[in-house]
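Have a look at the structure below, then the notes.
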There are 2 protein chains.
Amino acid sequence: MQAGRGAKARVLDQLRDAIIRGEHRPGTSLSEGALAEAYGTSRTPIREAIQQLQSEGLVEVVPRVGTFVRQPSRRELTELFQLKAVLEGLGAQLLAQRGLVAETELLQANLADSERAVAAGDAERYAQLVHDFHGLIIQGADNHMLAAQYDNLMHKLAYHRIVVNTLRHPGRLEVSLAEHRNVLDRIVGKDAFGAEFAMRDHVQSSQREAMSNRSDAEN
Amino acid sequence: MQAGRGAKARVLDQLRDAIIRGEHRPGTSLSEGALAEAYGTSRTPIREAIQQLQSEGLVEVVPRVGTFVRQPSRRELTELFQLKAVLEGLGAQLLAQRGLVAETELLQANLADSERAVAAGDAERYAQLVHDFHGLIIQGADNHMLAAQYDNLMHKLAYHRIVVNTLRHPGRLEVSLAEHRNVLDRIVGKDAFGAEFAMRDHVQSSQREAMSNRSDAEN
DNA sequence: TTAACGTCTGTTGCATGCAAGATGTCGTGA
DNA sequence: TCACGACATCTTGCATGCAACAGACGTTAA
């Protein structure tokens, strides 16, 4: 019916978002026919979107049985954080090598905003700023392949939700902010090696926080 | 017609292989109809395989115009090697942390074979051993996500051809072998940090060699 | 000669129908 | 009560037909 920029792309975005937001709980069965009716298209664009989501690891298609929303195991979460650490570390390294560019300015502004959010205790606002901070690092690295792999990785876990939960821990906001400041200082100081490992340490720190309360509501 | 484990999977593997082997030259148009006839199926499995290849970056689909084999630019090649360095670095780091496992034994055997191949000047054989060496590092890291991302990365470039060409450079075999030896020594020495950076150095060294003669026959 | 226009072919995007297989259910027998 | 088997139903896999659009090519008019 309504297209936009192609039915497949529309279904893909909306369905992925619905899964990440927990609208389809892990283990839930996703029937192509039902989705086709829900999205007002035929099964064809649904199938194409589902296969993309399968390659992203969000759903699992069992031939002739059904497709199910996947729940990342604790082990997979560990693996994802290990990859996130080296990818974002590479981003920080490359950005430091580039010197002062537009993204470094934006990162400075991001940190200023973050300080205000932390001072006000606004965890929701800070979560968004954290998301932007990491995105700016990757974007500033100016490596399209890295950005693509990073996006693919971030799609795999409901990362925003994890961060929001993490930031509820007392004192986490302040520690996180200090780590961000440390990373950016080394980037503007053109200390590529230092920036990379500051970023890695930060990711590992965030991983410890995220995986300590893995018995959350939705799990 | 003949299925195997699904027409889509069969088409995907064969078509990807054909592209990587240069059977379809970059810029070539891939018509769904023609491929359907060639592979003896309908357009549906062809379309599914093509979309997968598009997400892997091997082809580009222009809506209502055609799908074309993509040619990685020099910049993309640089980006790919940067990613390869950190991913394989992570693999070496994780393998070093694991201590002695089956893969370390296989790597030792691989190096012994490599020494014989280098002594005999058998570049073709050594190229295969190089491929196995890097694969064993990733496999031994015991991180499924890393392995998946790595495979995805390696699909994007005709990596084996590049290595074969690289190994034609005089003295390259010996240098490469010494670097492999260095990496494995640090892995068995449980020097995770050293292993990671030895691996990175090796990849960068290989990148320099690969990108110095980029005016090869097929480009 | 050249530029503009209409047509015609080739391409992908999507809808739909049919086939193959897996799973749950209900009935039947012991 | 329990085990087992046939069947009904639901699922995805694939084939096919039609529509929309881009681009090439020939035609025509200036």
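Nothing here was measured: the structure is a model prediction, and the numbers come from that model. Residue numbering restarts at 1 for every chain, and letters A, B, ... go by the order of the sequence lines.
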message = At less than 4.0 Å, is any side-chain N or O atom of Thr44(A) found next to OP1 or OP2 of dC14(C)? Yes or no.
response = no
ask   = Taking CZ from Arg43(A) and C1' from dC14(C), how many angstroms apart are they, rounded to a whole number?
value = 13 Å
request  = Write down the distance between CD (Glu37(A)) and C1' (dT16(C)), rounded to a whole number of angstrom.
outcome  = 15 Å
query = Hey, are Ser205(B) and Arg172(B) close enough side-chain-wise for a donor-acceptor pair under 3.5 Å?
reply = yes
note = When rounded to whole Å, the CD1 to P distance for the pair Ile50(A) and dC14(D) reads 15 Å
message = Measure OH/Tyr39(B) against P/dC14(D) and give the value in whole Å, please.
response = 15 Å
key: Ring geometry between His180(B) and His202(B) (parallel below 30°, tilted from 30 to 60°, perpendicular above 60°)   = perpendicular
ask   = Rounded to whole angstrom units, what separation is found between the CD atom of Gln51(A) and the C1' atom of dC14(D)?
value = 12 Å
query = Will you find, in the side chains of Gln52(A) and Glu48(A), an N or O donor that is under 3.5 Å from an N or O acceptor?
reply = no
ask   = CD of Glu48(B) versus C1' of dG13(C): gap in Å, rounded?
value = 14 Å
query = What nucleic acid atoms does Ser31(B) come within less than 4.0 Å of, heavy atoms only: base, sugar-phosphate, or nothing?
reply = sugar-phosphate
task = State whether the distance check finds a donor on one side and an acceptor on the other, under 3.5 Å, for side chain Arg64(B) versus base dG23(D).
result = no
request  = Specify the separation, in whole Å, of atom CD1 of Ile46(B) and atom P of dT11(C).
outcome  = 14 Å
task = Answer with yes or no whether the side chains of Lys8(A) and Gln51(B) bring together a donor and an acceptor at under 3.5 Å.
result = yes
ask   = Among dG13(C), dT12(D), dA15(D), which nucleotide sits nearest the side chain of Thr41(B)?
value = dA15(D)
query = Leu35(A) has an atom CG; how far is it from atom C1' of dT11(D), in whole Å?
reply = 13 Å
inquiry  = For the residue pair Arg47(A) / Thr67(A), report whether a side-chain donor-acceptor contact shorter than 3.5 Å exists.
reply    = no
query = Does a side-chain N or O from Arg47(A) land closer than 4.0 Å to OP1 or OP2 of dG13(D), or not?
reply = yes
Per Glu32(A) side chain, nearest of listed nucleotides dG13(D), dC14(D), dC18(D) = dG13(D)
request  = Using the closest heavy atom to pick a nucleotide of DNA chain C for each, name whichever of Val65(A) or Lys8(A) lands nearer the 5' end.
outcome  = Lys8(A)
query = What does Ser29(A) touch in the nucleic acid at a heavy-atom separation under 4.0 angstrom: a base, only the sugar-phosphate, or nothing?
reply = nothing
ask   = Base, sugar-phosphate alone, or nothing: which one does Leu30(B) contact when heavy atoms must sit under 4.0 Å apart?
value = sugar-phosphate
